[in-house]
**Student:** 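Supplied in structure tokens, the structure appears directly below.
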Amino acid sequence: KAGVTQTPRYLIKTRGQQVTLSCSPISGHRSVSWYQQTPGQGLQFLFEYFSETQRNKGNFPGRFSGRQFSNSRSEMNVSTLELGDSALYLCASSTSTGATMGYTFGSGTRLTVV
Amino acid sequence: AQSVAQPEDQVNVAEGNPLTVKCTYSVSGNPYLFWYVQYPNRGLQFLLKYITGDNLVKGSYGFEAEFNKSQTSFHLKKPSALVSDSALYFCAVRDRDYGQNFVFGPGTRLSVLP
């Protein structure tokens, strides 16, 4: 069974640009969550989608947005990139909203903003 | 509000010795507790979880954790450490009654010395 697939693995963008990251969850998983991981802040929750609806949102500015498609694939978008957005972005999927099953994580997208 | 503390940034242990990685949590209701491990440039991998029932939980790769409600702790343990256990370990909590997303601790880097 294929795992959680995140594309691309690595990305270099210039300050002010926008970026879209993609996540394909495990087949049958309808919940997708996104986290930002940085050395200073650790793992911070961005948002969670379930059946194309945003269920929860973390404390990030409106430049960070996401969506989920009918096949459960999810994308997150960051507009007007700042140097501080450089991070590993992790996607995690679960069968429900993850309360008891926990997550299966992808390998992440390493975003570098220069 | 939910929070997780991992009081040690770094834990060093000799191969073959027992290891403990500490985690304490704070939730308003009852907790779901998880441990994840992260290897370099990879996503997080699920190790074990406490949902309900027996306070001693056994997980992958010989790891186990004990839920202690009175001390609000969920320490990760292994009787005999391997060099290959060297990685970054994250404790996570979700409030069963009031929580909407997982909150992760800051991580503990485990180094097992040969």
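Protein chains get the first letters and strands the later ones, always in sequence-line order, with residue 1 at the start of each. Every value quoted in this text rests on a predicted model; they were computed, and no experiment measured them.
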**Student:** Are the aromatic ring centres of B:Phe90 and B:Phe46 under 6.0 angstrom apart?
**Tutor:** no
**Student:** What part of B:Gln45 lies closer than 4.5 angstrom to a heavy atom of chain A: side chain, backbone, both or neither?
**Tutor:** neither
**Student:** With ring pair (Phe, Tyr, Trp, His ring centres under 6.0 Å) as the criterion, how do B:Phe102 and A:Tyr103 come out once you've worked through the C-alpha distance, each side chain's angles and the decisive distance to 0.1 Å?
**Tutor:** CA-CA 10 Å; B:Phe102 284 100; A:Tyr103 292 143; 4.7 Å; yes
**Student:** Given that the side chain runs from C-beta out, which part of B:Tyr50 has a heavy atom under 4.5 Å from chain A: side chain, backbone, both or neither?
**Tutor:** neither
**Student:** Check each atom of B:Tyr36 against the heavy atoms of chain A and say whether the ones under 4.5 Å are side chain, backbone, both or neither.
**Tutor:** side chain
**Student:** Using a strict threshold of under 4.0 Å (side-chain N to carboxylate O), is an ion pair present between B:Glu64 and B:Lys58?
**Tutor:** yes
**Student:** Could you go step by step and tell me if B:Thr24 and B:Gln71 meet the side-chain hydrogen bond (donor to acceptor under 3.5 Å, both in side chains) rule?
**Tutor:** CA-CA 8 Å; B:Thr24 58; B:Gln71 297 186 4; over 6 Å; no
**Student:** Could you tell me whether B:Arg109 and B:Asp9 make a salt bridge, using a distance below 4.0 angstrom between a side-chain N and a carboxylate O?
**Tutor:** no
**Student:** Going by residue number, which parts of residues 75-85 of chain A are within reach of chain B, meaning a heavy-atom gap below 4.5 Å?
**Tutor:** none
**Student:** Between A:Phe47 and A:Tyr49, does the ring centre distance come in under 6.0 Å?
**Tutor:** yes
**Student:** Heavy-atom count check: over 12 atoms from other residues, nucleotides or ligands less than 6.0 Å from A:Lys57 NZ?
**Tutor:** yes
**Student:** What's the spacing between B:Tyr39 OH and B:Leu44 CG if we round to 0.5 Å?
**Tutor:** 11.0 Å
**Student:** The test is side-chain hydrogen bond (donor to acceptor under 3.5 Å, both in side chains); show your working for A:Ser31 and A:Glu48 and say whether it passes.
**Tutor:** CA-CA 7 Å; A:Ser31 172; A:Glu48 178 180 34; 3.2 Å; yes
**Student:** Name, in order of residue number, those residues of residues 106-114 of chain A that have a heavy atom at a distance of less than 4.5 Å from a heavy atom in chain B; otherwise write 'none'.
**Tutor:** A:Gly106, A:Ser107, A:Arg110
**Student:** Are B:Phe104 and A:Tyr35 an aromatic pair, judged by ring center distance below 6.0 Å?
**Tutor:** yes
**Student:** Do A:Arg30 and A:Ser51 get their side chains close enough for a donor-acceptor pair, meaning under 3.5 Å?
**Tutor:** yes
**Student:** Counting only non-hydrogen atoms closer than 4.5 Å, does A:Gln37 touch chain B with its backbone (N, CA, C, O), its side chain (CB onward), both, or neither?
**Tutor:** side chain
